[in-house]
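First comes the structure, then the notes that go with it.
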Amino acid sequence: MKHAVISADESAGGMFRKWPFFQRLLSWTKPYAPFEQGTREYERYDWNSLLPEEQDCRALMCKMMDGTSYYPSRPEMQRNLEAFAARTGVAVRYRCRWTGTRRDGDRWVLETSDGEYRCQVPIFAVGVAEPWRPQIPGIEDVPHYAETRPAETYAGRRVFIVGKENSGFELATGFLQWARQIVLASPSPAKLSINTRSLVGVRARYVQPYEDHVLAGGVIVLDASIERVERTGETFRVHTRKADSAAELVFEVEDVIAATGFTSPILDLPKLGVATVGRNKLPAQTPYWESASVPGVYFGGTIHQASPGLRKHGMPSNSGGVNGHRYNGRILAREVARKHFGIDPERPVVSRAEIVSYLLGEVTNAPELWHQKSYLARVLRRDPERGIVDDGILPLQSFLDSGPADAVAATLEENPAGDIYPVLYTRRGGVSAEYDLPPHPLHDFRTRVHQKGVVEALAGLLL
Amino acid sequence: MRSAPDDITETLATLAIFADLTRPELEKVAHSLEERYFAQDERVLREGLSGSSFYIILEGEAELAARGKRLGTLGRGDFFGEISVLLGEPPVADVIAARPLRCLVVPGDLLREFLQTHPRVCYRLLVAEARKLANVTRRGA
Ligand SMILES: Cc1cc2nc3c(=O)[nH]c(=O)nc-3n(C[C@H](O)[C@H](O)[C@H](O)COP(=O)(O)OP(=O)(O)OC[C@H]3O[C@@H](n4cnc5c(N)ncnc54)[C@H](O)[C@@H]3O)c2cc1C
């Protein structure tokens with residue numbers, strides 16, 4: 001497809017050109033894993049490499065890491081993304097800023113600092129890295145995470161951090177050896193990823209301040225609404241109110257930081273009808289990452305977190321991180337090509353004899369299914385002329401709500417007890433059914449019991 | 001309807017189910033629940049499929065349908081999904097956005113904890129369920 005890519009930055013890397021603030025990612029890459037670097041299966045252990053067609057551009061992240069941690073440093077991640085762009089020859093017009101949008105007949109016109117681009121389909125991958133603050137009186141006068149000073153400048157000071165998610169805990173972790181006192185506050189309790197069993201919640205590497213809090217070492221983690229922030233000369237006074245007792249607590253501190261999250265710089269899109277959702281007003285999207293209110297406008301990258309999918313048993317997607325949205329991006333490119341440009345690559349035929357082992361191999365090793373549980377699925381469909389065809393990896397929600405062809409979607413799910421297990425969704429004559437297969441202690445589902453389960457689910461459908 | 005509300009706490013304060021909560025409690029609820037937007041005709045709950053959630057309608061309209069038969073319409077302040085979540089069974093009906101729909105969502109496995117921490121919301125929910133039951137009984141009679 002003829003396309004153009006523009007970026008306001010000077011070169012590749014996006015938000016990783018400056019963040020995370022303490023210069024280390026929270027997504028890992030394991031150089032040594034059960035599969036060879038560069039294989040599809042290896043992607044499950046490498047959350048940070050992008051996905052090229054070219055074999056020699058795969059698993060680039062591992063080649064940039066110095067062995068001190070399995071979390072790449074920020075500069076290593078930047079080098080990974082720069083190397084990807086250079087080696088795959090992605091043509092980007094850098095230092096070109098999109099400034100406005102309008103419709104002209106069946107085309108979109110993107111106004112930019114370098115002139116106008118006209119296109120059939122715009123895809124906005126502008127990130128979720130614009131500082132966002134809630135409506136709290138006085139919070140506009142305190143620095144955001146994005147404006148945090150070097151850690152040593154907080155030495156001996158009392159620091160109040162508004163926000164108890166990863167960015168707040170990242171700062172608190174970095175301040176532990178500097179600050180005199182650290183308070184982390186927000187209305188609802190902090191969630192920890194090891195409890196939510198997902199990437200929602202404070203990641204394990206940032207829980208040190210939490211341990212300090214529970215051991216009463218000096219850090220305070222508070223569930224309270226922040227009513228207002230007042231500047232009083234050299235200090236700030238932060239007025240908070242506990243949700244359970246409604247008691248007021250006032251803190252006097254030298255520094256307040258709003259670690260209150262980020263939004264997306266979608267400029268005039270809401271004025272053109274693009275619906276937004278959530279506190280930080282991200283564009284609401286369909287399962288194929290199209291605006292839920294303005295057809296033909298698509299989104300890319302981490303903005304995909306606002307297309308949450310089924311959220312079965314409350315499980316979120318991983319679309320906010322590279323390990324999740326890199327797969328969505330591939331599906332999105334195919335979908336745009338099919339829907340808007342009539343380009344639909346040949347889908348391979350799967351022989352009947354291979355279906356069971358193929359599906360069990362996928363749920364055991366497919367990185368797309370492991371990184372995007374109950375969000376993406378491997379889909380096989382009965383084609384009247386060709387037999388059983390492999391429709392590829394698709395959004396599970398779109399499979400369930402489209403039809404009517406007889407088909408199966410294989411995915412992985414997790415229940416509240418923490419069991420991870422394969423699920424087959426079948427569609428027969430337009431009617432959907434769900435078949436949960438048992439979990440396995442080593443997550444290897446290529447067993448007789450699982451084979452039997454697949455055969456039962458697919459009997460009379462694809463088998 | 002297009003743009004997410006600036007202050008979700010204000011929106012919650014106007015819904016019957018949250019009428020007894022104090023401002024800090026409302027803020028805590030607003031902070032801990034996820035907001036979702038569904039395009040017209042998008043399915044929200046799927047009949048027969050497990051692992052669903054509890055939804056409270058902030059704006060818009062949803063339609064209830066089972067085995068292709070239309071059962072009713074839900075609007076602002078109404079909620080659904082609780083029966084399936086509380087009984088741990090798949091929903092017995094589809095819920096589809098009849099118009100663009102904005103909801104607050106409590107994931108199924110968190111509903112119990114949510115109701116236990118907010119007994120006044122639980123009471124309001126119980127009253128609404130009692131009203132639904134009374135209506136069904138009256139219609140049956
Ligand atoms: C503090 C922080 C830490 C994070 N840490 C991790 C992590 O460790 N691991 C992980 O996987 N994810 C992390 N994330 C999430 C991360 O943002 C995504 O995973 C991903 O890198 C985002 O990629 P993106 O291309 O969608 O957006 P970005 O990397 O934000 O890139 C957006 C691009 O759009 C450009 N742009 C924006 N507006 C315009 C405009 N008007 N005109 C032209 N260009 C424009 C920007 O210049 C930028 O190049 C973190 C996010 C934050 C905020």
Side-chain angles (χ1 to χ4, degrees), chain A residues 134-135 164 186-189 191 200 223-227 240-247 270-271 273-287 290-295 306 308 310-316 374 397 400-401 413-417 423 425 431-434 436, chain B residues 1-10 21-54 58-59 67-68 85 88 90 94 96-97 100-113 117-118:
Chain A
Q135 293 181 332
K164 297 207 297 280
S186 68
S188 58
K191 293 182 194 143
V200 166
D223 300 339
S225 48
I226 321 296
E227 300 201 314
T240 71
R241 195 170 295 277
K242 297 263 292 163
D244 41 11
S245 62
K271 281 201 200 113
V274 168
T276 57
V277 71
R279 276 187 298 154
N280 53 353
K281 299 196 182 207
L282 299 186
Q285 294 151 67
T286 69
E290 190 172 10
S291 160
S293 56
V294 181
L310 299 177
R311 261 185 152 291
K312 281 198 68 174
H313 305 292
M315 272 295 152
S374 71
Q397 186 183 344
L400 291 173
D401 294 337
E413 291 187 358
E414 185 164 351
N415 61 22
V423 181
Y425 291 90
V431 178
S432 298
E434 175 185 341
D436 296 357
Chain B
M1 178 69 197
R2 285 280 156 81
S3 187
D6 276 328
D7 190 350
I8 190 97
T9 315
E10 298 294 334
L21 297 191
T22 62
R23 176 86 199 182
E25 282 172 330
L26 281 171
E27 246 180 63
K28 186 174 169 190
V29 171
H31 206 258
S32 50
L33 301 191
E34 190 191 326
E35 187 195 324
R36 294 231 14 207
Y37 176 97
F38 298 91
Q40 183 167 334
D41 298 327
E42 191 174 343
R43 271 209 291 179
V44 183
L45 273 196
R46 292 165 183 79
E47 185 180 346
L49 298 190
S50 69
S52 55
S53 302
F54 172 59
L58 296 177
E59 282 176 288
R67 268 157 262 119
V85 170
D94 271 347
I96 303 148
L101 186 70
R102 208 176 269 290
C103 295
L104 269 191
V105 190
V106 186
D109 57 311
L110 297 185
L111 182 62
R112 191 166 131 182
E113 190 195 318
T117 2
H118 302 287

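Naming convention: chains lettered A, B, ... in sequence-line order (proteins, then strands); numbering from 1 in each chain. Only a predicted model underlies this, so the values are computations on that prediction, with no experimental measurement involved.
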Shortest non-hydrogen contact from B:Tyr37 toward A:Val277 | N-CG2, 3.7 Å
Side chain from CB out, backbone as N, CA, C, O: work out which of these in B:Ser50 comes under 4.5 Å of a heavy atom of chain A, or both, or neither.
-> both
Please identify each residue that fulfils side chain to side chain contact (heavy atoms under 4.5 Å, CB included) with B:Asp94, with sequence neighbours left out.
-> B:Arg43, B:Arg46, B:Glu47, B:Ile96
Find out whether B:Glu35 and A:Arg279 are in side-chain contact, i.e. whether some heavy atom of one side chain is under 4.5 Å from a heavy atom of the other.
-> no
Given that the side chain runs from C-beta out, which part of A:Leu282 has a heavy atom under 4.5 Å from chain B: side chain, backbone, both or neither?
-> neither
Within a radius of less than 6.0 Å around CZ of B:Arg23, do more than 12 heavy atoms belonging to other residues, nucleotides or ligands occur?
-> yes
Report yes if the side chains of B:Arg36 and A:Pro308 come closer than 4.5 Å at any heavy-atom pair, otherwise no.
-> yes
Not counting sequence neighbours, which residues clear ring-ring contact (aromatic ring centres under 6.0 Å, His included) with B:His118? List them please.
-> B:Phe114
Electrostatic pair A:Arg241:B:Glu27 at N-O distance under 4.0 angstrom = no
If you take all heavy atoms of B:Asp109 and A:Pro416, which pair is closest and at what distance?
-> CB-CG, 3.7 Å
Measuring heavy-atom distances to chain A, does B:Gln40 have an atom under 4.5 Å in its side chain, in its backbone, in both, or in neither?
-> neither
Taking A:Ala292, A:Ala284, A:Pro189 one by one, which has the highest count of heavy-atom pairs under 4.5 Å against chain B?
-> A:Ala292
